[in-house]
Each structure stands twice: as structure tokens, then as C-alpha cells.
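Here the structure is laid out as C-alpha cells; the discussion comes afterwards.
In what follows, chains carry the letters A, B, and so on, assigned in the order in which the sequence lines appear, proteins first and then strands, with residues in each chain numbered from 1.
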Number of protein chains: 2
Amino acid sequence: MKCKSYHFFFRNFSNPLKIKIISALNSKEMCVSELSEKLKIEQSKISHALASLRFCNLVESKQKGKNRIYSLNKKTVVPLLKLADKHRQLYCKLK
Amino acid sequence: MKCKSYHFFFRNFSNPLKIKIISALNSKEMCVSELSEKLKIEQSKISHALASLRFCNLVESKQKGKNRIYSLNKKTVVPLLKLADKHRQLYCKLK
DNA sequence: ATTTCATATGAAAAAAGATTCATACGAGTT
DNA sequence: AACTCGTATGAATCTTTTTTCATATGAAAT
């Protein structure tokens, strides 16, 4: 039941917190506490969101000491967001 | 407040019904009752879903007699779904 | 102008998803 | 082995999104 449908995949992009995390990880890989601190969002919220992103392989993680470092799957995410931006720009000029 | 963020945009792809509609309209433009019949889904559900798709300019509509014919904004949608497919294929092999 | 058919819309109910909070787990330290 | 720190997880609650259903609107036909 892995990425069974578009549903799970796109859910990650239709949520403000997940988008914030994605965008933070786009600048550099980070561990959970860094994300939590940088976004000023409580840790378990971050962890729950990351679980969903991980589930669809939109992020990867590696252990480093006590920390778990998350990095973005840019290969998918960057062009995807670019498409959305382009759409907005073409069809949603009015803010 | 039009397409203010990724949120509204991607919400259209993280919903099974909207995806079904998108996929139906990808084969050919259709009016509401055709969609309703083809997908075996009640009319007002279709209309509500279409309203959300329209809001983000993912579909267009034109009046034809009593019917309103909807067509897909393929320019955005097709490459977007293609990206998602490619992702699944690369990272979600196991079903 | 009334009727009919197709679609849209609003509001209440239901379902899905997110947040919270308490706690568990796991890696490293002492 | 006990402790600490960082992260994950589960369950209850809260919020958002969908569905349902009744009704409104709008275009064409009579």
C-alpha cells in the first residue's frame, strides 16, 4: 500500500506545514530539532509531518549521533513546485 | 485570494474524486451530467468538485445549450501528473 | 410566463486530516 | 545500567474538507 495513488502523494503538498518543511529542507538538510526551531513549530508536529513525507519518499533521513537528519528529494519536489508556480503565474495573476 | 498558496492548488490532486474527474476530462471534455453518469457519482458532488477545480483554473467551462461543458487545463495538469507518475515509478516500486 | 432539464449553491452532517500531549524508543554518555 | 537528549508514536481532540440533501438559478422549449 505504498503511494497507492496520487492521493497520498499530493496530500503532502496541500498542507501548509508540510510545504514549510519542504521549503526549509530545500535550502539545506536539517534534523528535526533544527526544523522545529527554525519554523517555530512544536517537535511532534514536525515529526508527524515528516512521517507523511517519508512515507512517499519525498524526504530521506540518516542518523547522525542522536539526531536524525532529513533531506529533500529534490529530483521530484523542485520541478513539481516549479510547475505549480508557473501555473499560478499564468492563470492566477490576480494574486 | 486566488490560488493564494500551494495549498489550494494541490488540494485538487489529493482527492480521489477530483482525480477521477481530472482523468475523465483528460480523455475528452464533458458536461456535468456526462461526468456524473460516467463516474457513477451524484451530480452535486461533481459540481462541488468542479467548483474547486475551476477556482484554481485547472478546468475551464463553456455553456452549450442547457449544458455546461468542462475541459481540462492540460498544459498544467498533464506534466504534473507525469511527474507524480515518474516519482512513483522511481521511488515506490513496491506497489 | 410557465415548465423542464441541467447545473450550482448553501448548510448540516459525516469523514478525513491535523494537532496535542503524554509517553515510548533509541543513540550516545556517565 | 541508568540518564539524557532527540525523535517517534498513539490516542483523544480539534479542524478542515467532503458529502448529502434540499433548493435556487439559468437556459431553452412550450
Side-chain angles (χ1 to χ4, degrees), chain A residues 1-25 28-72, chain B residues 1-25 28-72:
Chain A
M1 199 271 272
K2 220 164 193 284
C3 287
K4 187 182 66 183
S5 66
Y6 294 123
H7 179 210
F8 291 101
F9 178 76
F10 283 112
R11 204 156 56 181
N12 292 297
F13 299 92
S14 61
N15 172 286
L17 173 54
K18 287 171 195 160
I19 283 286
K20 278 181 202 154
I21 291 175
I22 285 171
S23 142
L25 293 180
K28 71 177 176 61
E29 56 180 29
M30 278 183 242
C31 67
V32 178
S33 52
E34 264 178 293
L35 280 167
S36 177
E37 195 178 325
K38 174 157 188 174
L39 302 178
K40 279 154 184 36
I41 282 173
E42 192 248 322
Q43 174 266 317
S44 84
K45 237 158 128 178
I46 303 278
S47 282
H48 278 297
L50 284 170
S52 155
L53 290 162
R54 221 167 42 215
F55 177 76
C56 286
N57 295 293
L58 291 166
V59 299
E60 283 200 318
S61 70
K62 61 186 179 212
Q63 193 74 30
K64 189 179 178 189
K66 281 190 213 163
N67 298 306
R68 180 171 294 264
I69 301 188
Y70 281 88
S71 56
L72 188 64
Chain B
M1 200 272 271
K2 220 166 193 287
C3 287
K4 187 183 67 184
S5 66
Y6 294 126
H7 180 209
F8 290 100
F9 178 77
F10 283 113
R11 204 155 57 181
N12 292 297
F13 299 93
S14 60
N15 174 287
L17 172 55
K18 287 171 194 161
I19 284 286
K20 278 181 202 155
I21 291 175
I22 285 172
S23 142
L25 292 180
K28 70 179 178 60
E29 57 179 29
M30 278 182 240
C31 69
V32 178
S33 51
E34 264 178 293
L35 280 167
S36 178
E37 194 179 326
K38 172 157 187 175
L39 302 178
K40 279 156 184 33
I41 282 173
E42 191 248 322
Q43 174 266 319
S44 85
K45 238 158 127 177
I46 302 280
S47 282
H48 279 298
L50 284 168
S52 156
L53 290 162
R54 222 165 43 213
F55 177 75
C56 286
N57 295 293
L58 291 166
V59 299
E60 284 199 318
S61 70
K62 61 187 179 209
Q63 193 74 29
K64 189 179 176 188
K66 281 191 214 162
N67 298 306
R68 180 172 295 264
I69 300 188
Y70 281 88
S71 56
L72 188 65

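At least one side-chain heavy atom of B:Leu39 sits under 4.5 Å from a side-chain heavy atom of B:Ile21. The closest side-chain heavy-atom distance from A:Leu50 to A:Leu53 is below 4.5 Å.
Taking five base pairs at each end of the helix from C:dA1-D:dT30 to C:dT30-D:dA1 and finding the rotation axis that steps the C1' atoms of four pairs onto the next four gives two axes whose angle is 20°, to the nearest 10°.
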What are the atom names and distances for every N/O pair under 3.5 Å that joins the protein to nucleotides 25-29 of chain D?
| unit_1 | atom_1 | unit_2 | atom_2 | d |
| --- | --- | --- | --- | --- |
| D:dA27 | O3' | B:Gly65 | O | 3.4 |

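With rounding to the nearest 0.5 angstrom, the CD1 atom of A:Ile46 is 11.5 Å from the CD atom of A:Glu34. Once rounded to the nearest 0.5 Å, the distance linking NZ of B:Lys20 with NZ of B:Lys38 reads 13.0 Å. Between atom CZ of residue B:Arg68 and atom CD of residue B:Glu60 there is a gap of 11.5 Å, rounded to the nearest 0.5 Å. To the nearest 0.5 angstrom, B:Met30 atom CE is 10.5 Å from B:Glu37 atom CD.
Applying a 4.0 Å cut-off to non-hydrogen atoms, the residues of residues 34-49 of chain A that approach DNA chain C are A:Ser44, A:Lys45, A:His48, listed by residue number. Sorted by residue number, the members of residues 10-23 of chain A with any non-hydrogen atom under 4.0 Å from DNA chain C read A:Arg11, A:Asn15, A:Leu17, A:Lys18.
Taking side-chain N and O atoms only, A:Asn67 has no distance below 4.0 Å to OP1 or OP2 of D:dC5. Between B:Arg68 and C:dC5 there is no side-chain polar atom (N or O) within less than 4.0 angstrom of OP1 or OP2. The side chain of A:Tyr70 places no N or O atom within less than 4.0 Å of a non-bridging phosphate oxygen (OP1 or OP2) of D:dG6.
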Would you give me the side-chain donor-acceptor pairs under 3.5 Å for residues 10-18 of chain B, sequence neighbours excluded?
| unit_1 | atom_1 | unit_2 | atom_2 | d |
| --- | --- | --- | --- | --- |
| B:Asn12 | OD1 | B:Ser52 | OG | 2.6 |
| B:Asn12 | ND2 | B:Phe8 | O | 3.2 |
| B:Asn12 | ND2 | B:Phe9 | O | 3.2 |
| B:Ser14 | OG | A:Ser14 | OG | 3.3 |
| B:Ser14 | OG | B:Arg11 | O | 3.3 |
| B:Asn15 | OD1 | B:Leu17 | N | 2.9 |
| B:Asn15 | OD1 | B:Lys18 | N | 3.0 |
| B:Lys18 | NZ | B:Ser52 | OG | 3.3 |

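Residues passing the ring pair (Phe, Tyr, Trp, His ring centres under 6.0 Å) test with B:Tyr70, sequence neighbours excluded: none.
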